[in-house]
Amino acid sequence: MNNRTSQATRFMSMLLLVAAMLPTASNAQSNPAPGSNPLFRDKFTADPAPLVVGDRLYLYVGHDEAQRDEMFNMREWLVYSTGDMKTWTDHGPIMKVADFKWAKADAWAAQAIEKSGRFWFYAAVEHDDTHPGKAIAVAVADTPTGPFVDAKGSALITNEMTPKGTHSWEDIDPTVFTDDDGTTWIAWGNRQCYIARLKPNMIEIDGPITEITPPHFEEGPWLHKRGATYYLTYASLDRAKHRDEKVSYATAPSIRGPWTYRGELTGSGKYSFTIHPGIAQFKGNWYLFLHNAALAIGDQNGAIGRRAVTVEHLQYNADGTMKPVVQTQAGVSVPAAR
Ligand code: FUB
């Protein structure tokens, strides 16, 4: 081997070594940095609802099982938990829609809340033909991972209770929030957004149902409070301008309002019509959970009914408004931007 040939061979070997060390697209996909998006890659998941219990954050999600061009096929809810926002424990299904004997399908968006040492799980389902349309169910458990059982034996909210809506899926996407005086409120809706008080037993509405629909409200409301400010964050759709949902929000000085529209918080989720926000403060930091449809599993691509849950850092301005959130692949694998 002459000098020039051996130099060329060394150069080629170096190139091969460097190439082997660079992350390829499929490498990056199969070895994602902990905390990067989407959070779960072996199942399609949607409608994330965080709940902090002690030093763990539990994330309740719907299990998307749509086949081919099916729109939605959701039969159960799953829960995951984390202590560091980067590594997650899969606790499996916590409930199936079939566990509500009066419901016939659709394990749609849900949220769990802790009250008096028990865990209350509110979920949208399709009611059987005795009360046609979507309804809100309530289940209860002694631990955040269940087992959850139907707490009422009938729907908490049925389509007839909100006569304004002209469509059968108006009563979906419950969000539950306990105010400083101990009163728990439930808000929900599709196109119209409603709010009502819950009785201390957590399985009955207490008093009137009030409509609070903010601008461009589509679905997926989420109530939370920071300092003295109440936030109503939701999936929004300005039908004249956009095809897919974004997240918008309103704020108020009290859970009773008045609510002031604060504009958009995010753009649309990649490849997804829906987006569904969930918000939590955990170990001093705030997080915004969403979903998109950018995950592929085997030969199944993301779709309206095959979504993937994500998380981003959430930050506030000095005046209490939330900083716009950009959806990333890095998610919380990297520190929040300063
Ligand atoms: O996942 C089924 C429905 O799609 C939810 O209830 C809505 O929020 C939307 O994400």
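Whatever order the structure lists ligands and atoms in, that order sets their numbers, starting from 1. All figures in this text were calculated on a predicted structure; none of them were measured in a lab. The residues of the chain are indexed from 1 along the displayed sequence.
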Q: Go through W77 and F121 one step at a time and tell me if the side-chain contact (heavy atoms from CB on, under 4.5 Å) criterion holds.
A: CA-CA 10 Å; W77 296 272; F121 181 74; 3.6 Å; yes
Q | Note: D150-K101 ion pair, threshold 4.0 Å (strictly below) | A | no
Q) Is a salt bridge present between E218 and R239, judged by a nitrogen-to-oxygen distance below 4.0 Å? A) yes
Q: Take N37 and Q327 through the test side-chain hydrogen bond (donor to acceptor under 3.5 Å, both in side chains) and record every step on the way to the result.
A: CA-CA 9 Å; N37 289 322; Q327 295 168 75; over 6 Å; no
Q: Quick one: list whatever passes salt bridge (charged side-chain N to carboxylate O under 4.0 Å, His left out) with E70, sequence neighbours left out.
A: none
Starting from the N and O atoms of ligand 1, find every protein N or O within less than 3.5 Å and list the pair with its distance.
unit_1   : atom_1 : unit_2 : atom_2 : d
ligand 1 : 1 (O)  : D47    : OD2    : 2.5
ligand 1 : 1 (O)  : R307   : NH1    : 3.3
ligand 1 : 1 (O)  : R307   : NH2    : 2.8
ligand 1 : 4 (O)  : R307   : NH1    : 3.3
ligand 1 : 6 (O)  : A109   : N      : 3.4
ligand 1 : 6 (O)  : D173   : OD1    : 2.5
ligand 1 : 8 (O)  : D173   : OD1    : 3.4
ligand 1 : 8 (O)  : D173   : OD2    : 2.6
ligand 1 : 8 (O)  : H276   : ND1    : 2.8
ligand 1 : 10 (O) : D47    : OD1    : 2.7
ligand 1 : 10 (O) : R307   : NH1    : 3.1

Q | Lys/Arg-Asp/Glu bridge criterion (N-O < 4.0 Å) met for K246, D238 | A | no
